[in-house]
Student: 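Structure provided below as structure tokens; questions to follow.
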Amino acid sequence: QTYETTHPHFGKILISIGIALFGMNPFGWRVMSALFGIFIIGIMYLFAKKLFGNTFLATATTGLFTFDFMHYTLSRISTIDIFAAFFILLMYYFMYEYMVKNHSFDYSKMKLSKDYLLPLAFCGISMAFGIATKWTGVYAGLGLAVLFFWYTLTHFPGKQTIGLFGFCCIFFLLIPMLVYTLSFIPVVGYDNSGLIKRTIDGSLSMFSYHSQLVAEHYYSSPFYEWPVIWMPLLYANDAVNSTHVSAVSCMGNPAVWWPGIICSLFVLYRWVFKKEKKAGFLFIAYAAQYIPWMSIGRITFIYHYFPAILFVILMIGYTMQYLMEHFKYGKRTITVYLGIVLVVFLIFFPVISGIPVSTEWGMKLRLLKDWILVL
């Protein structure tokens with residue numbers, strides 16, 4: 001029997017694999033999240049390497065992601081957010097692969113070939129699993145559509161464009177609908193209804209829940225507070241003894257998120273005023289994960305910003321590339337910055353990992369007034 005019905009079910013199917021292999025215990029619940037938390041680091045490295053063409057920058061960018069608090073926390077709990085983020089990053093990786101594939105060829109003389117059909121196919125399949133995990137995959141899909149039409153209409157002649165549109169109808173419409181529907185197989189309808197009816201009824205129920213939810217929560221926060229980490233979400237706080245607690249807070253690494261605001265503005269500047277297409281790609285990907293939340297009326301939480309932070313970190317990588325190319329001590333500055341990120345991660349590690357920490361130490365980490373990291 002399925003009890004959680006507010007999201008599509010593929011992410012929960014992934015969690016159930018760990019339970020099937022290791023039992024109904026904390027390790028079984030969390031092992032798949034941990035694995036995808038590792039896998040997404042690999043995708044981040046490959047993406048950064050493709051974007052920047054530099055091993056040092058790819059490693060530096062991946063390091064920022066690895067030592068981001070929220071990535072660490074979401075990889076250690078049994079929720080679907082790390083799965084959704086994995087598929088979102090993967091679909092944009094393949095879209096970028098499509099946009100840079102064969103860029104030196106004369107498209108007017110080309111036939112549709114697997115060289116750029118395969119990245120589109122993998123992009124659509126990744127989107128399918130993303131949407132079947134969480135509806136935030138739809139936001140990502142909107143960004144993909146903007147990038148696809150922007151690139152395709154400006155690089156391909158009419159015949160190839162029509163062929164690509166037909167191809168995309170299969171991989172960005174039919175396959176996502178199929179995967180989404182199949183994710184409802186584990187759901188047992190109260191009236192033993194068929195799969196399609198269960199999918200429709202379940203989707204309507206989800207929409208009704210999210211659109212009509214009226215609730216309050218102390219740790220909720222609106223979208224404009226997320227980039228500055230105004231309100232972390234305290235997931236757990238258990239007393240160990242009279243002076244120590246075991247706490248897990250969901251928040252970003254200030255050494256990553258706060259500079260990320262500046263880097264995002266820099267990337268926007270490079271796109272708008274310098275017409276830099278790589279900057280445009282990154283900012284559109286970021287905006288697709290962030291702007292839709294601005295119209296959401298229900299309560300929201302800081303972890304809803306996690307898919308957007310994937311591209312904030314890539315935009316930091318873009319900025320680091322600019323520093324390396326234009327300043328003599330750029331690489332040395334980046335190395336020092338990475339050291340600061342690691343130090344901040346270690347300082348906050350007790351309150352994001354659940355290891356026993358003194359309440360006094362947790363209170364000292366309260367840099368902003370709403371940072372309640374321990375109780």
Student: Fit a plane to each ring of F47 and Y96, take the angle between them on a 0 to 90° scale, and name the class: parallel (under 30°), tilted (30 to 60°) or perpendicular (over 60°).
Tutor: tilted
Student: Report the relative orientation of the aromatic rings in F129 and F10; use parallel for angles under 30°, tilted for 30 to 60°, perpendicular for over 60°.
Tutor: tilted
Student: Measure from the side-chain N and O atoms of S208 to the backbone N and O of S205, and report whether any donor-acceptor pair falls under 3.5 Å.
Tutor: no
Student: Answer yes or no: is there a donor N or O on one side and an acceptor on the other, between the side chain of R76 and the main chain of S353, under 3.5 Å?
Tutor: yes
Student: Using atom types as modelled and distance alone, determine if a side-chain donor or acceptor of T243 lies under 3.5 Å from a backbone N or O of S358.
Tutor: no
Student: Please work out whether the ring planes of F283 and W271 are parallel, tilted or perpendicular, with thresholds of 30° and 60°.
Tutor: tilted
Student: Could you please spell out the steps behind the ring pair (Phe, Tyr, Trp, His ring centres under 6.0 Å) verdict for Y72 and F349?
Tutor: CA-CA 10 Å; Y72 179 82; F349 185 74; 5.4 Å; yes
Student: In terms of the angle between their ring planes, are Y290 and F223 parallel, tilted or perpendicular, with boundaries placed at 30° and 60°?
Tutor: perpendicular
Student: Verify, without hydrogens or angle tests, whether T154 (side chain) and Y151 (backbone) share a donor-acceptor contact under 3.5 angstrom.
Tutor: yes
Student: Using the side-chain contact (heavy atoms from CB on, under 4.5 Å) rule, pick out the option among V344, V312, V341 that qualifies with V256.
Tutor: V341
Student: Take the angle between the ring planes of W293 and W226 and call it parallel below 30°, perpendicular above 60°, tilted in between.
Tutor: perpendicular
Student: Among residues at least two apart in sequence or on other chains, which ones pass side chain to side chain donor-acceptor pair (under 3.5 Å) with D68?
Tutor: W257
Student: Hey, what do you get for NZ (K278) to CZ (R270), rounding to the nearest 0.5 Å?
Tutor: 10.0 Å
Student: Where the side chain of S203 meets the backbone of T199, is there a donor-acceptor pair that is under 3.5 Å apart?
Tutor: yes
Student: What about F122 and L173, same hydrophobic cluster or not, with Ile/Leu/Val/Met/Phe/Trp/Tyr joined at side-chain heavy-atom distances under 4.5 Å?
Tutor: no
Student: With distance as the sole criterion, is a donor-acceptor pair present between the side chains of Y305 and Q289 under 3.5 Å?
Tutor: no
Student: Between S221 and W230, do the side chains contain an N or O donor and an N or O acceptor separated by less than 3.5 Å?
Tutor: no
Student: Below 30° counts as parallel, above 60° as perpendicular, anything between as tilted: where do the rings of Y303 and F301 land?
Tutor: parallel
Student: Measure across I334 and A60 and return the closest heavy-atom pair with its distance rounded to 0.1 Å.
Tutor: CG2-CB, 4.2 Å
Student: Please confirm whether the backbone N or O of L234 pairs with a side-chain atom of N237, one donor and one acceptor, at under 3.5 Å?
Tutor: no
Student: Take the angle between the ring planes of H326 and Y322 and call it parallel below 30°, perpendicular above 60°, tilted in between.
Tutor: parallel
Student: Could you walk me through whether W135 and Y180 pass the side chain to side chain donor-acceptor pair (under 3.5 Å) test, one step at a time?
Tutor: CA-CA 10 Å; W135 278 1; Y180 183 84; 3.2 Å; yes
Student: Any donor and acceptor pair, going by atom type alone, linking the side chain of K12 with main-chain N or O of H7 inside 3.5 Å?
Tutor: yes
Student: Taking Y93 for its side chain and I88 for its backbone only, find out whether a donor-acceptor pair lies under 3.5 Å.
Tutor: no
Student: Over 60° means perpendicular and under 30° means parallel, so tell me whether F86 and F36 are parallel, tilted or perpendicular.
Tutor: perpendicular
Student: May I ask you to check if K331 and F56 form a cation-pi contact, with NZ or CZ under 6.0 angstrom from the six-membered ring centre and within 45° of the axis?
Tutor: yes
